[in-house]
Structures are given as structure tokens and as C-alpha cells.
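Everything numeric here is computed off the predicted structure, so don't read it as measured data. Note on naming: letters A, B, ... go to the chains in the order of the sequence lines (proteins, then strands), and numbering restarts at 1 for each one.
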Amino acid sequence: MARMKFLCDAERCIECNGCVTACKQEHEIPWGVNRRRVVTLNDGVPGEKSISVACMHCSDAPCMAVCPVDCFYKTSEGIVLHDKDLCIGCGYCFYACPFGAPQFPQDGAFGLRGKMDKCTFCAGGPETDHSEAEYKKYGRNRLAEGKLPACAEMCSTKALLGGDADVISDIYRNRVMKRGKGSEVWGWGTAYGKPDAKPATPPGAKS
Amino acid sequence: MSRSFLRDRLMPLLGMLVALVFTPASYSADGSRAQEQAQRQQTQPGNNAPMWRDVREGVNQTTQVRGVETNVLMQPSGQSWREVRPPISLAGGLLIAAALLALFAFYQWRGPIGVHEAGTGKLIKRFSDAERLTHWTVAISVCILAVTGLIISFGKYMLLPIIGYTLFSWLAALAKNLHNFVAPVFFFMLPVMIVLFVRDNLPGPGDLKWLLTFGGLFSKSGHETPSGRFNMGEKVLFWFMVCALGVVLCVSGTVMLFPNFDQGRQIMQAANIVHVVGAMVMIFLASFHIYLGTVGARGAYEGMRTGYVDETWAKEHHQLWYDQVKAGKARQHFADDAPDAVRAQVANGLKA
Ligand code: HEM
Ligand code: SF4
Ligand code: SF4
């Protein structure tokens, strides 16, 4: 089975925020939630770089480790998903995640956190593929349609790559060899530095 | 303690707490590092080392997406928090379990601490209505906070495997909401409790002797070392558990409770660690207090329940205070007007 990963090429990203828009559009993400964002490093200084970031679907995922209700699971393709029916909105995954991926719609008074929302690698959630409930809670399940994540597919400069780790790292290696610079595969050490946690079936009753 | 424990667990924790105290919540992009990066591009195009160093350190950058720390590409402290929290809560859990076991063993060995003479039926009004209302509000809220907090800490390991995902998630959501809404009750009653009880918890005669003899726990006569209205054990509990830990829990809890103040993740991680340590120590100490206030000592529960204690109880447990009451020098007085139902309850509490 392929191991799905994201890779953002800092030498190519032009901070157009197309990926952010594509994601919001594809999944009809609620107000105040952004599953993906673009961060510009040294903005305005010659040599500035931009990077698009969302959930990296870590191997030894910190969010999974700290969740007090254990609502995360890993698909056989290494994608980290969660069950919103179980989530209690404690925010612990947000404390732990290196990439700031978990998001919380505000729920009621005092900024109380609602159920966590994050990038699903366009792979939906524990509900039946393509069901109404799945779309409402997690957005479109493009992987089940045989497509790759919307953000990477839309990327105008192909800076953002998403898909089988072997394939995208080959593309990246070729680029680095041709241009002779920018060999840092940003975030991979943090996200994939440790062996994969065991894939598991979704928690909860309805799987 | 192995070196790797020091390196992997203790150092990140200390680093995190030090960072919390000595630096503002977030770093700003350091102009000089950006400049270094720009110069590096001149001499070595394609070498972005200074920039990646900023990224690893979680420096604030620029983004169009609004939100808390959305301009930080990668935060380094989450990993430390993830590694530090489980061993700390485990240690706390073991401490609490040890306390419960010790109390159970003590109960089996000595049984409840009774009084040596029969009650005289002459009652003293030991606690005012305001004191009792405050005590019970705080006591009940602490019990709810402790149980719901422990569900969040350990439920995943101890309840989830037994009751399953769906039921446990429901329970955890209930625990979280109860915790969040009872916390303010504790928050507002804590100062009231401190003001009401501080006077008789100031150091007084007999405190040192009480402490050195462990309150007379191991004395041959089996009599308690004389004390004022509150003994040294109660005073330690008042200052350390109520005042110090109470405030620590309120402050650290509030930091986590209101994410809408836009505080950064580092502050919330540190608050969480402080909260776990404070909570575990408080539950540990509270279990001794609850033991003595219920099954551990006869007459104590009825004292706080009704506000009245028997003269004999006062003499045996708080002799210096009893002498003052008798001399009319205490703020508490003999209560000849106590209702009959209360008399029965107090008398019953003293019976073996
Ligand atoms: C006697 C008082 C208290 C005890 C014994 C207690 C206990 C606990 C425990 C054991 C946890 C779980 C920590 C973990 O595993 O990470 C926790 C979490 C928490 N506590 Fe407390 N706590 C107390 C008071 C408070 C107060 C006064 C506040 C707020 C003003 C508060 C707010 C929180 C929050 C926000 C959490 C995070 C979990 C969640 O979202 O529910 N606590 N507490
Ligand atoms: S990037 Fe964050 S949310 Fe995604 S798997 Fe890693 S820790 Fe979890
Ligand atoms: S917010 Fe939800 S998903 Fe995140 S750790 Fe808490 S319960 Fe788990």
C-alpha cells in the first residue's frame, strides 16, 4: 500500500493561497476554520520563502498520542483521521501538533471549543464513503473517488505535492538535481522521522 | 534516574517552564536572522540554513490566515509537552493510589479514632452557617473537579477499554463540561473560604508540639496532642492545599479554559503541566482530609454537617480551643438551644 504524504517545495511556492481556497471550497469548511495555510518566511526580505502547511499525517502522530478519548485512527495509507462523534473538544491535539493543524470552530460562550476539524488528506472520516454524514462532518472523500487532495492538484506551480511518498519524493529529487538547490524536504523529519504507528480500524461503534 | 530520563523528559519540562517565565509568549521574527539569510543568498544562493533555524525554533512569520499562532510554521514545544505529561500524570496517579491504600490499611489497623469518654450532651456551636456553606460548596466542587479531571487524565487507560468508545466519549464530554462549569464555582468560593478560615489557621500555641508528636497518633495514651480550634495538620492543609494549590489550580485552569484570550500554545502547555501537578497533589492531600472528616474520626463529620460538636469531642481533639470556649474567650460558644434532631445526630456520630 502506498504511504500518503504532503511535500511543499519552498523554492516554488509563490504564496498565492490557491491551496487554502481550494480546500475551503472543496469541503465547505465552516467559518473560522482553515485546514491549510501558507506561511511566508522572512516576508519582504530578499530571498523570502513560502510554505503551505496543513496536517502532515505524521507517522508517530502526537495528536493521536494525547487525545484523551482516543478518537484518532490511521488508515492503511498512513492518513491520520479522527471521529468527530467522539471528540470532546479539549484542545489537547492542538497543544501537541507541531504544525498547528487541529482547528476549532467556536462553540457557545467564552470561546469554548467545538469539535476538532483538520485536514483529512481529502479522505473523509469513519462514516460510509460518500455519505451525506461524511461530507457534512469531514468534507469530500476524494481519495475514495480515486483523486488526490484538492490543494495539491490545484497548486499552480506544483509546489505542493500530495500523494504516494515514493512518487512525490522522486519528483522532488529530480527537481533538486536539476536546479542544484533547495534540497530541504521541509517538515519530513518532524512528521515522518519515526516509524509509522500501526494502522487501525476507526474507533467507535459504526465502523 | 537514568540520563535519558533527564535528557528526554526533565529537560524539556524545565525548558518549557523557564521559557514560560522568561520570554514573552511568542518570539518575533528576528530581523538579524532574516538579514543573515539575505546575505547568505548573495554568497551561497540556495543555502537557507538561517531560515530553517528560525522555522525549527517556532519564530513568528507572516500569513494571511487569521488565528492563534497561524504565523508559526512549526512549534517545537508540543513534542516536549507530549512527552512530559504522561509520566507526570502517572506519578500523580500512583501517589493518589498509594494514599488510598495507606488509608485503607490504617483503617484496618486502627479503625476510626473515637473519643475516650462518653459524650456529655453539652454542645458547642463549632462552625457558623457561613462557614459550613462555604466548606460544603468548596468540598463538593473539589470532589466533582477531581473526579471529572481524573476521567480526562486516566479514563482512556482505565475506563475506555471496559466501557468502549461511544460510552466513554459521552462520559468524557460530560466530565469536561462539568469540569468547565464547576471550576468557576471553586474559583469564586476559594477567596471566601480563605477569608473565613484564615484567622484560626494562623500559627498558635501548641502547633509545633502537635507536629512533632504527629498529633499524638503514636502516643501510648492514645490521646491527641492539645491544639487550638484547628490543629497543625489542618493548618498545613489550609495553607498548602487551600491557599497555595487552590490558587495555582485556578490560575492554570483559567489559562486553559478560555482559549479566546489568544494565548499561545506554550502558555497552555505549561499551564496544563502545572495544573496536572497541582491537581494530583491536591487530590492526594484531600484524600487524607476526607478520610479524617468521614470514617476516620468519630464526630468530625457531624461537626461540619450540623455545625455542633459535643463537649467531649472538643476536649479530646482541640483541648486548647475547648479551654477558651469554657473561659468564654473563643468566638464559639456553648449552645444550649441546639435542636433535638441535631443533638441526636451529634450523639450518634460519637457512638462506636
Ligand atoms: C480542586 C480543583 C481542581 C482539580 C482537582 C482539577 C483537576 C484536573 C485534572 C486532573 C485535569 C486533567 C489534566 C490532564 O490530564 O491533562 C484537569 C483539567 C483541566 N482543568 Fe482542572 N482541576 C481543578 C480546578 C480547576 C479550575 C479552578 C479550573 C478553571 C478555572 C480548571 C480548569 C481545567 C481545564 C480547562 C482543564 C483541561 C481539560 C478540559 O478541557 O476539561 N480546573 N483538572
Ligand atoms: S500534523 Fe498534527 S494533526 Fe496531523 S497527524 Fe501530525 S500531529 Fe496530528
Ligand atoms: S480536541 Fe478532540 S480530537 Fe483533539 S485531543 Fe481533544 S478529544 Fe481528541
Examine whether an atom of R85(B) lies under 4.5 Å from a heavy atom of chain A, and if so say whether it belongs to the side chain, the backbone or both; otherwise answer neither.
side chain

Between S169(B) (side chain) and Y165(B) (backbone), is there a donor-acceptor pair under 3.5 Å?
no

In this structure, is the centre-to-centre distance between the rings of Y172(A) and W186(A) below 6.0 Å?
no

Pairs of heavy atoms under 4.5 Å with chain A: top-ranked of T62(B), V65(B), V55(B)
T62(B)

R265(B)-S77(B) side chain donor-acceptor pair, cut-off 3.5 Å:
no

Best-contacting candidate, T70(B), I152(B), I151(B), L159(B), against chain A by heavy atom pairs under 4.5 angstrom
T70(B)

Let me know if N48(B) has heavy atoms under 4.5 Å from chain A in its side chain, its backbone, both or neither.
both

Option that, when pairs with chain B are counted at under 4.5 Å, heavy atom only, ranks first among A10(A), C87(A), P68(A):
P68(A)

So, for P87(B) and E83(B), which heavy atoms are closest and what is the spacing to 0.1 Å?
CD-O, 3.1 Å

With a 4.5 Å cut-off on heavy-atom pairs, point out which of C90(A), G182(A), A65(A), G91(A) contacts chain B the most.
A65(A)

Looking at R56(B), Q64(B), R66(B), which one has more heavy-atom pairs under 4.5 Å with chain A than the rest?
Q64(B)

So what's closer than 4.5 Å to chain B heavy atoms on Y92(A): side chain, backbone, both or neither?
both

Could you pull out the closest heavy-atom pair between M282(B) and V142(B), with the gap in Å?
SD-CG1, 4.4 Å

If you tally heavy-atom pairs under 4.5 Å between each of G189(A), G100(A), C97(A) and chain B, the highest tally belongs to C97(A)

With chain B, which of G180(A), G47(A), P98(A) has the greatest number of heavy-atom pairs at distances under 4.5 Å?
P98(A)

Can you confirm if the NZ or CZ of R36(A) lies within 45° of the ring axis of F6(A) and under 6.0 Å from the centre of its six-membered ring?
yes

Apply the side chain to side chain donor-acceptor pair (under 3.5 Å) test between Y135(A) and each candidate in E28(A), H130(A), H27(A); give the one that qualifies.
E28(A)

Is it the side chain or the backbone of L73(B) that comes within 4.5 Å of chain A heavy atoms, both, or neither?
both

Heavy-atom distance under 4.5 Å to chain A: side chain of W52(B), backbone, both or neither?
side chain

V38(A) portion near chain B, given a 4.5 angstrom heavy-atom threshold:
backbone

Can you tell me which residue pairs pass the salt bridge (Lys or Arg N to Asp or Glu O under 4.0 Å) test with a partner in residues 176-193 of chain A, sequence neighbours excluded?
D9(A)-R179(A), E11(A)-K181(A)

Checking heavy atoms, do the side chain of E15(A), its backbone, both or neither come under 4.5 Å from chain B?
side chain

Heavy atoms from other residues, nucleotides or ligands near CH2 of W188(A) exceed 12 (cutoff 6.0 Å):
yes

Can you say whether S183(A) sits under 4.5 Å from chain B via the side chain, the backbone, both, or neither, judging by heavy atoms?
neither

Counting heavy-atom pairs under 4.5 Å with chain B, which one of N17(A), V45(A), D60(A) comes out on top?
D60(A)

NZ (K158(A)) with more than 12 external heavy atoms under 6.0 Å:
yes

